[in-house]
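Below is one structure; the comments refer to it alone.
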Amino acid sequence: MKEQYETMYKQLIDAYYKGKFEETFESLMNTFENKNQGKEILATLCGVEVELEANDHAYIQSIVQGITSQQVRSRIVQKLKNCGSDCEQVEGKSKCQSVCPFDAIITSEDGKDKWIDEALCMSCGRCINACDSGNYLETLQFFPVAELFKQKQKVIAIVAPAIAGQFGKDVTLDQLREAFIKVGFTDMVEVAVAADILSVKEALEFDAHVHKEGDFMITSCCCPMWVAALRKVYNKLVPEVSPSVSPMIAMARVIKAIDPEAKVVFIGPCIAKKAEAKEPDLVGDVDYVLTFAETKLIFEALQIEVDECIGVPSVDYAATGGRLYARTGGVSQAVWDIIDQLLPEKRKLFTAMQVDGMKDCKKLLEELEEGEKHASFIEGMGCKGGCVGGPKAIIPTLEGREAVNEVAYDSPIKIPTHSEVLLGLLKKIGINDFNELTDKHSMFERTFQ
C-alpha cells in the first residue's frame with residue numbers, strides 16, 4: 001500500500017472509532033483531482049462494493065450502508081488507475097507484468113492501459129508491491145470487522161505462524177493477544193495448533209498414498225498460490241495432492257464447531273488468503289482476512305503500542321512443527337516428526353523436497369507432470385522463504401525465518417501427538433482418534449477436482 005493510501009486508511013480507521021467517519025470520508029474524497037477515481041480508492045480502502053453515485057452525500061451513505069451490511073468486495077486485487085507503457089520495463093514487460101506469475105496483466109491493444117484477466121489472476125498481490133504509481137490496491141477488510149465489534153459480536157483473531165517477530169523482535173504472543181483485544185477482538189488464537197492437527201493428517205495421508213519407491217504425495221497445506229497453480233494449471237497432478245484444507249481453514253472450522261456464533265478473522269502476510277477464504281467450498285469458514293501490513297496500520301491508527309502491552313497469557317498449545325509452517329521446509333519437518341513417531345515402517349520411504357517462489361514451483365510441477373520423480377513428499381510455497389516472505393510481511397524474510405525458528409523451537413510441546421491440550425481440543429469437536437482426521441467427511445477434508 002502506498003504511503004498516501006496508508007495515511008488515508010489510518011485517518012478513516014481513527015474516524016470510524018471516534019464516530020467521525022462520514023465527515024472524514026468526505027474530506028478525503030475532496031482531496032482527489034479525479035473525484036470518481038478517489039471514490040473508487042476510498043471504497044477499496046473500506047472494503048465494500050457499492051455503486052458509483054454522482055451525488056457525494058448519497059455515495060457516502062452507500063459506503064456506510066455497505067460497511068454496516070457487510071457488502072464486501074468480491075475482487076481482491078483492484079486496478080485503480082490507468083497506466084500506459086511509460087513505467088520501468090523489465091525484459092520488455094512493465095514492472096507489474098514482470099512479477100505476475102501467471103501473466104494475468106494484459107496490455108490493451110492501443111498500449112495505453114493494462115487490465116487484469118480474472119481467469120488468470122490468483123490474487124497474489126505482487127503487482128501491488130511492484131507498481132510505483134499506486135495503480136493497484138488490494139481490497140482491505142477491516143471496516144466490516146470493526147462493524148462486528150460495534151455489534152458486540154464475538155470475533156476471534158487467528159494469527160498465522162509467520163507472525164513471530166513481525167511486530168517487534170521481542171514482542172510476545174501474549175502481548176499480541178492484548179493488542180488484538182484492545183482493537184476489539186474477543187481473543188487471539190494461533191493457527192499453528194491447526195497446523196499441528198494437519199501434520200498428523202498429512203502423515204496419515206502419506207501412509208495411505210505412498211507404498212513403494214516412486215510413489216509421491218503433494219501436500220496441499222498452507223499456500224493458496226501452490227494450490228491454485230495445481231488446480232488451474234497443473235491439474236493432471238491433482239490425484240497426487242493431499243485432500244486437506246489449509247491451517248487457516250482448519251482453525252476456523254474448529255472454532256466454529258465449538259462456538260457456531262463466533263466470527264473468525266485471519267491475520268497473515270498473504271493477500272491470496274483473501275481469495276482462498278472466498279472459494280466456493282470454503283465460503284463461511286473464515287469471515288475476513290487482514291494482512292500483517294494492514295494490522296500494523298490499524299495498531300498505529302488506534303495508538304496501540306504492542307511492545308508496551310503487558311500481555312494476556314493463555315495456555316501454550318502449539319507444537320514446534322505447527323509453528324514451523326511459516327517457513328520453507330516447515331511442513332516437511334512437521335510431517336516427518338509425526339511419521340518418525342507414529343509410522344516408523346514408513347521412515348525409509350519418506351524423502352522430502354521443498355520449493356519456494358512461483359518460478360521454482362512451476363518448474364517442479366512441470367517436471368512432475370512429465371514424469372520426473374524427485375521425492376516422495378513434495379512441498380511448495382509461492383513466496384521465497386515461505387510465508388515469512390509474503391508480500392505483506394513487515395520484516396525481511398531472513399529475520400522472519402529466524403524469529404519463527406526461535407518461537408517454534410522454544411515451544412514446550414515438541415510433537416503434537418504428545419499434547420494433552422490438542423487431544424482435548426479434538427475431543428471437543430468429536431474426534432477421539434487421529435485416524436478420524438482422514439475420514440472423507442472430516443472437517444479437515446476438501447476436494448481439488
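Hydrogens, waters and symmetry mates play no part in the numbers below; they use all other heavy atoms, side chains included.
Within a 6.0 Å sphere centred on NZ of Lys359, other residues, nucleotides and ligands contribute 12 heavy atoms or fewer. Summarising the local packing, CD of Glu372 is surrounded by more than 12 heavy atoms from other residues, nucleotides or ligands at distances under 6.0 Å.
Using a cutoff of 4.0 Å between basic side-chain nitrogens and carboxylate oxygens, Glu213 and Lys373 are not scored as salt-bridged. Ionic pairing of Lys182 and Glu178 is present here: one or more N-O contacts between side-chain nitrogen and carboxylate oxygen are shorter than 4.0 angstrom. Salt bridge annotation for Lys154-Asp187: absent, with no cationic side-chain nitrogen under 4.0 angstrom from a carboxylate oxygen. Ion pairing between Lys256 and Asp287 holds under the 4.0 Å rule for side-chain N and carboxylate O. One finds no salt bridge joining Lys169 and Glu399 here, because no Lys/Arg side-chain nitrogen approaches an Asp/Glu carboxylate oxygen to under 4.0 Å. Using a 4.0 Å cut-off between charged side-chain N and carboxylate O, Arg231 and Glu276 make no salt bridge. Ion pairing of Glu300 with Lys296 is present here, as a side-chain N (NZ or NE/NH1/NH2) and a carboxylate O approach within less than 4.0 Å. With respect to the salt-bridge test (charged N to carboxylate O, under 4.0 angstrom), the residues Lys363 and Asp360 do not qualify. Taking the charged nitrogens against the carboxylate oxygens, Arg75 and Glu49 have no contact shorter than 4.0 Å, which rules out a salt bridge.
Between Phe377 and Phe350, the ring centre distance stays below 6.0 Å. A centroid separation of 6.0 Å or more is found between the aromatic rings of Tyr288 and Phe266. Between Phe149 and Phe185, the ring center distance clears the sub-6.0 Å criterion.
Atom CZ in Phe206 sits 6.0 Å away from atom CG in Leu349 (nearest 0.5 Å).
When every heavy atom of Val48 is checked against every heavy atom of Ile67, the shortest pair comes out as CG1-N, 3.6 Å. For the residue pair Ala257 and Ile429, the shortest heavy atom distance occurs at CB-CG2, 3.8 Å. Here the closest heavy-atom approach between residue Leu120 and residue Asp103 is recorded as CD1-O, 3.6 Å. The heavy-atom pair separating Ser199 from Ala334 by the smallest distance is OG-CB, 3.3 Å. Scanning both residues, Tyr234 and Glu369, for their nearest heavy atoms gives CA-OE2, 3.3 Å. Here the closest non-hydrogen pair linking Thr438 and Glu205 is CG2-OE2, 3.6 Å.
Side-chain contact of Glu436 with Asn432: a donor-acceptor pair under 3.5 Å is absent, judged by distance alone. For the residue pair Ser244 and Arg446, no side-chain donor N or O sits within less than 3.5 Å of a side-chain acceptor on the partner. When only modelled atom types and interatomic distance are considered, Thr44 and Gln78 share no side-chain donor-acceptor pair under 3.5 Å.
Relative to the ring axis of Phe434, Lys201 does not place its NZ or CZ within 45° and under 6.0 Å from the centre.
Tested against Cys383 for a side-chain contact (heavy atoms from CB on, under 4.5 Å), the candidates Met358, Arg126, Met225 yield a single pass: Arg126. Checked against Glu294 for a salt bridge (charged side-chain N to carboxylate O under 4.0 Å, His left out), the options Lys10, Lys273, Lys274, Lys392 give a single hit: Lys274.
Formation of a donor-acceptor pair under 3.5 Å by the Glu379 side chain with backbone atoms of Gly329 is found in this model.
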